[in-house]
Amino acid sequence: MLKFFKGLIVTVVVICLSFFMVTQLFNPSEMEEPIVIDDRPSVEEFIGTIAETARDLGAQNDLYASVMIAQAILESQHGQSGLGSAPNYNLFGMKGNYQNSSVTLETVEDDGSGKLSTVMAEFRKYPSYEASMQDYVKLMRNGVSWNRDFYAGVFKSNTASYTEATKFLTGSYATDSSYNEKLNTLITKYDLQQYDSPLKDKKTITVADGDSLMQIAEVYNVKVTSIKQWNQLRSDRLEAGQQLNIYHY
């Protein structure tokens, strides 16, 4: 009798183990973590798409390219907001219409004291980022209908540094009471001041096996974030044989 019960117990254990193994075999998803791929552009990748245009427009129009890029990052969530992405391409939150083209969206306004409210507003719709940037420059240079010199306080010739330009924009361009602080943080974090100067030198290097962005940045005395911008990189991963542009301003 004892042997019978021992044999029964063994049989039950074997059946349970077999059932468990079969269920795991046909349900591998319960054992593996799902792979999530983030295909959104990095901030550096976004900067790389507009930086040289900003540098040229800034140089031609007495404006800080660094401020222009920082505004584009902030206003458009580095090109990912509904207004800043296709098909609207409005990088600077410009209201009104562009060549009779516009889009109406919800926006948050600051009354100047930090109190926020949500309103619906008409925003300009552009065919490209470049068109948006050119229109922004036109506003800065030509001002508003009642005052052509309204934005003269952002001109390089009227300021000692970009921080004076961002301070002027706070309350005049944006209602956000901490607008300049946010712009200054972006300019510092992403080394955007480099685009306020003309490009002096450009070289192309080939990544060797085992190279990292940090190592390359140290060799050429540049910043990792800059290399990512110049090459519109989405991540820090490099591959042997990959070509990278290195700039000096």
Side-chain angles (χ1 to χ4, degrees), residues 39-81 83-86 88-94 126-141 154-156 159 161-163 165-166 169 173-174 179-180 182-205 207 213-214 216-217 220-238 242-249:
D39 61 353
R40 294 173 300 175
S42 64
V43 176
E44 284 93 351
E45 186 177 2
F46 170 73
I47 293 171
T49 65
I50 67 170
E52 289 308 307
T53 299
R55 182 174 67 83
D56 291 341
L57 288 173
Q60 295 165 13
N61 293 279
D62 194 27
L63 297 172
Y64 291 98
S66 59
V67 175
M68 193 185 312
I69 298 169
Q71 282 189 272
I73 296 171
L74 183 61
E75 297 282 354
S76 75
Q77 297 174 28
H78 69 280
Q80 297 303 291
S81 69
L83 185 61
S85 58
N88 300 314
Y89 297 108
N90 188 329
L91 293 178
F92 302 96
M94 299 269 280
Y126 299 98
S128 65
Y129 283 157
E130 185 173 1
S132 176
M133 298 170 76
Q134 291 171 341
D135 199 35
Y136 165 88
V137 168
K138 183 179 179 181
L139 174 66
M140 293 296 107
R141 293 302 311 178
V154 302
F155 297 169
K156 280 185 175 182
T159 54
S161 70
Y162 73 83
T163 57
T166 58
L169 289 169
Y173 186 88
Y179 196 64
N180 62 317
K182 294 175 181 178
L183 295 179
N184 294 343
T185 297
L186 289 170
I187 291 171
T188 300
K189 180 177 180 178
Y190 295 105
D191 194 27
L192 300 181
Q193 268 190 283
Q194 63 182 299
Y195 300 109
D196 292 328
S197 302
L199 180 61
K200 295 180 180 179
D201 178 60
K202 174 182 176 181
K203 64 179 64 178
T204 301
I205 65 169
V207 175
L213 282 177
M214 182 66 72
I216 294 172
Y220 291 96
N221 193 30
V222 296
K223 296 185 178 181
V224 168
T225 184
S226 295
I227 297 177
K228 293 177 72 174
Q229 292 167 36
W230 301 332
N231 297 279
Q232 298 181 34
L233 300 181
R234 191 160 295 193
S235 70
D236 291 351
R237 293 179 58 187
L238 297 176
Q242 183 176 349
Q243 300 285 300
L244 291 179
N245 293 320
I246 303 294
Y247 296 172
H248 284 100
Y249 291 88

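This is a predicted model, so every value here is computed, not measured.
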Self-check item: Short side-chain to backbone donor-acceptor contact, S226 and V222, under 3.5 Å
Solution: no
Exercise. Report the residues that fulfil side-chain hydrogen bond (donor to acceptor under 3.5 Å, both in side chains) with Q243, sequence neighbours left out, ordered by chain and then residue number.
Key: T206
Self-check item: Expected output: side-chain Q194 to main-chain D191 donor-acceptor under 3.5 Å
Solution: yes
Practice problem: Evaluate the criterion side chain to side chain donor-acceptor pair (under 3.5 Å) for residue pair T166 and Y64; output intermediate values, then yes/no. | Solution: CA-CA 10 Å; T166 58; Y64 291 98; over 6 Å; no
Exercise. Could you check Y195 against S66 for side chain to side chain contact (heavy atoms under 4.5 Å, CB included), going step by step and ending with a plain yes or no?
Key: CA-CA 6 Å; Y195 300 109; S66 59; 5.8 Å; no
Quiz item: For the side chain of E44 and the backbone of W230, is there at least one donor-acceptor N/O pair under 3.5 Å apart?
Solution: no
Practice problem: Apply side chain to side chain contact (heavy atoms under 4.5 Å, CB included) to S76 and list each qualifying residue two or more places apart in sequence or on a separate chain. | Solution: F46, S81, L91
Quiz item: Can you name the nearest heavy-atom pair linking Q242 to L238, along with the distance?
Solution: OE1-CA, 3.4 Å
Self-check item: Sub-4.5 Å side-chain heavy-atom contact between N61 and M140
Solution: no
Quiz item: Does some side-chain heavy atom of M68 sit less than 4.5 Å from a side-chain heavy atom of M133?
Solution: yes
Quiz item: Tell me, do L63 and V137 make a side-chain contact under 4.5 Å, heavy atoms counted?
Solution: yes
Exercise. Work out which heavy atom in A217 is nearest to a heavy atom in K223; give both atom names and the distance.
Key: CB-C, 4.1 Å
Quiz item: Charged N to carboxylate O under 4.0 angstrom, D196 versus R55?
Solution: no
Quiz prompt | For D135, salt bridge (Lys or Arg N to Asp or Glu O under 4.0 Å) partners two or more places apart | solution = R124
Quiz item: How are the rings of Y173 and Y136 set to each other: parallel, tilted or perpendicular (split at 30° and 60°)?
Solution: perpendicular
Practice problem: Measure the shortest side-chain to side-chain distance between S132 and F92 over non-hydrogen atoms and say whether it is less than 4.5 angstrom. | Solution: yes
Exercise. Might you confirm whether atom CG of N221 has over 12 heavy atoms from other residues, nucleotides or ligands at distances under 6.0 Å?
Key: no
Quiz item: Which heavy atom in A54 sits nearest to a heavy atom in A65, and how many Å separate them?
Solution: O-CB, 3.4 Å
Quiz item: In chain order, what residues pass the side chain to side chain contact (heavy atoms under 4.5 Å, CB included) check against E130, with sequence neighbours excluded?
Solution: T53, S128, Q134
Exercise. Determine, stepwise, if the pair Y249 / Q193 fulfils side chain to side chain contact (heavy atoms under 4.5 Å, CB included).
Key: CA-CA 10 Å; Y249 291 88; Q193 268 190 283; over 6 Å; no
Quiz item: Can you list the residues that meet the side chain to side chain contact (heavy atoms under 4.5 Å, CB included) rule with A70, with sequence neighbours excluded?
Solution: L183, L186, I187, L192
Quiz item: Under the 3.5 angstrom rule, does the side chain of H78 hit a backbone N or O of E45 as a donor-acceptor pair?
Solution: no
Exercise. Check side chain to side chain contact (heavy atoms under 4.5 Å, CB included) between N245 and all other residues, then give those that pass, not counting sequence neighbours.
Key: K202, T204, N231, Y247
Quiz prompt | Evaluation steps, side chain to side chain contact (heavy atoms under 4.5 Å, CB included), between V43 and I73 | solution = CA-CA 8 Å; V43 176; I73 296 171; 4.2 Å; yes
Self-check item: V207 vs L244, side chain to side chain contact (heavy atoms under 4.5 Å, CB included): CA-CA, chis, key distance, verdict
Solution: CA-CA 7 Å; V207 175; L244 291 179; 3.7 Å; yes
